[in-house]
Trainee: 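Let me begin by handing over the structure; questions about it come next.
Proteins come first, then strands; the chains are lettered A, B, ... in the order of their sequence lines, and each starts at number 1.
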Amino acid sequence: EADIYQTPRYLVIGTGKKITLECSQTMGHDKMYWYQQDPGMELHLIHYSYGVNSTEKGDLSSESTVSRIRTEHFPLTLESARPSHTSQYLCASRPGHRYEQYFGPGTRLTVT
Amino acid sequence: AQKITQTQPGMFVQEKEAVTLDCTYDTSDPSYGLFWYKQPSSGEMIFLIYQGSYDQQNATEGRYSLNFQKARKSANLVISASQLGDSAMYFCAMRVFNAGNMLTFGGGTRLMVKP
């Protein structure tokens, strides 16, 4: 089972601010993912990474960016937050030899 | 393109009874897998069970079993002996080999267990 951490858990921020959502995992998983989820709705993949210096955009268009400088760390950045970014953001990882993804606790972002 | 459909937005079940959550999928790829995740009100996604398209037997994990009917393209989750702690959202998801094994999620089913 993966240990995967996200901070902050909750964030309320004003429009136009730059924010970074942190995601770290301690299991050495190569593959990491970011999902966006509106309350009670399905998850949508917004970014993924197959390893250090590898990042790709997912199915859902997002104004966020990601980086993968270290295996264990996969932060997501919004340069200028907008109310439309209000959502829950879930980070996940998986080892290369298994298919199931393990999720962090999520960050609930509210942009006012 | 891959698609997952969960037709039950919400369900009630009496404590200690079994319940089946429906999931149908659509893909033309012969190599794929189906997952079920549980999402309590706290928000985290908890992996429950996985079934690969080539697996001969239906997957089981404790009180969870996956009723995989390939010809009907269904992968229903059966929870036996429901507990109050089972109250949560349940999401069915699919990975497809030719789509990089990314997960596509269904819209979820909210299960409420009555005491």
Side-chain angles (χ1 to χ4, degrees), chain A residues 1-11 21 23 25 27 29-51 54-60 86-110, chain B residues 1-11 23 25 29 31-55 59 61 64 66 75 87-112:
Chain A
E1 188 173 318
D3 290 324
I4 184 163
Y5 308 98
Q6 290 185 246
T7 57
R9 290 293 313 277
Y10 303 91
L11 180 62
L21 307 185
C23 176
Q25 50 94 5
M27 298 302 289
H29 292 170
D30 287 330
K31 296 173 174 55
M32 296 189 73
Y33 308 84
W34 274 104
Y35 294 87
Q36 184 174 342
Q37 183 189 27
D38 291 332
M41 304 294 286
E42 65 215 84
L43 280 70
H44 293 283
L45 180 68
I46 52 175
H47 297 284
Y48 61 97
S49 167
Y50 283 164
S54 151
T55 61
E56 300 286 346
K57 288 186 179 293
D59 299 327
L60 183 67
T86 295
S87 191
Q88 172 159 257
Y89 293 84
L90 289 155
C91 181
S93 72
R94 73 173 176 96
H97 63 285
R98 295 187 68 86
Y99 294 119
E100 63 267 23
Q101 296 180 15
Y102 295 95
F103 285 79
T107 294
R108 296 195 188 198
L109 173 65
T110 302
Chain B
Q2 295 72 240
K3 187 173 181 181
I4 292 282
T5 303
Q6 295 180 252
T7 57
Q8 306 152 312
M11 287 190 69
C23 173
Y25 61 91
D29 197 304
S31 178
Y32 57 90
L34 287 307
F35 305 79
W36 278 93
Y37 281 87
K38 173 184 178 182
Q39 187 176 44
S41 56
S42 51
E44 74 272 27
M45 295 283 284
I46 302 166
F47 166 69
L48 296 178
I49 196 166
Y50 171 76
Q51 177 92 39
S53 59
Y54 296 121
D55 293 342
E61 289 287 347
Y64 305 109
L66 202 152
S87 294
M89 284 288 288
Y90 288 81
F91 289 93
C92 181
M94 177 171 64
R95 65 146 190 100
V96 173
F97 177 76
N98 283 330
N101 291 314
M102 300 300 168
L103 293 188
T104 300
F105 285 84
T109 295
R110 181 171 297 281
L111 177 66
M112 291 151 282

Trainee: Should we count CZ of A:R9 as having more than 12 external heavy atoms under 6.0 Å?
Mentor: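 Enclosed: over 12 neighbouring heavy atoms sit under 6.0 Å from CZ of A:R9.
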Trainee: Which answer fits A:L43, side chain, backbone, both or neither, if we ask what part of it has an atom under 4.5 Å from a heavy atom of chain B?
Mentor: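 Interface part for A:L43: both.
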Trainee: Is any residue of residues 99-112 of chain B within less than 4.5 Å of chain A by heavy atoms, and which ones?
Mentor: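 Within residues 99-112 of chain B, the residues under 4.5 Å from chain A are B:G100, B:N101, B:M102, B:L103, B:F105, B:G106, B:G107.
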Trainee: Nearest 0.5 angstrom please: B:C92 SG to A:E42 CD, how far?
Mentor: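 Interatomic distance, B:C92 SG to A:E42 CD, rounded to 0.5 Å: 12.0 Å.
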Trainee: For A:E56, enumerate each residue passing the side-chain hydrogen bond (donor to acceptor under 3.5 Å, both in side chains) test, keeping only those at least two apart in sequence or located in another chain.
Mentor: none
Trainee: Using the rule side chain to side chain contact (heavy atoms under 4.5 Å, CB included), only one of A:E100, A:R94, A:Q101 pairs with B:F47; which is it?
Mentor: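 Testing each of A:E100, A:R94, A:Q101 against B:F47, the sole residue satisfying side chain to side chain contact (heavy atoms under 4.5 Å, CB included) is A:E100.
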Trainee: Is it the backbone or the side chain of B:M45 that comes under 4.5 Å from a heavy atom of chain A, or both, or neither?
Mentor: both
Trainee: Only counting residues at least two apart or in another chain, list the ones meeting ring pair (Phe, Tyr, Trp, His ring centres under 6.0 Å) with A:Y50.
Mentor: A:Y48
Trainee: Please flag which part of B:Q39 lies under 4.5 Å from any non-hydrogen atom of chain A: side chain, backbone, both or neither.
Mentor: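 For B:Q39, the contact with chain A is made by the side chain alone.
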Trainee: For atom NZ of A:K57, is the number of surrounding heavy atoms from other residues, nucleotides or ligands below 6.0 Å larger than 12?
Mentor: yes
Trainee: Test of understanding: with ring pair (Phe, Tyr, Trp, His ring centres under 6.0 Å), list the residues that count as partners of B:Y50, not counting sequence neighbours.
Mentor: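 Ring pair (Phe, Tyr, Trp, His ring centres under 6.0 Å) check on B:Y50 returns A:Y99, B:F35.
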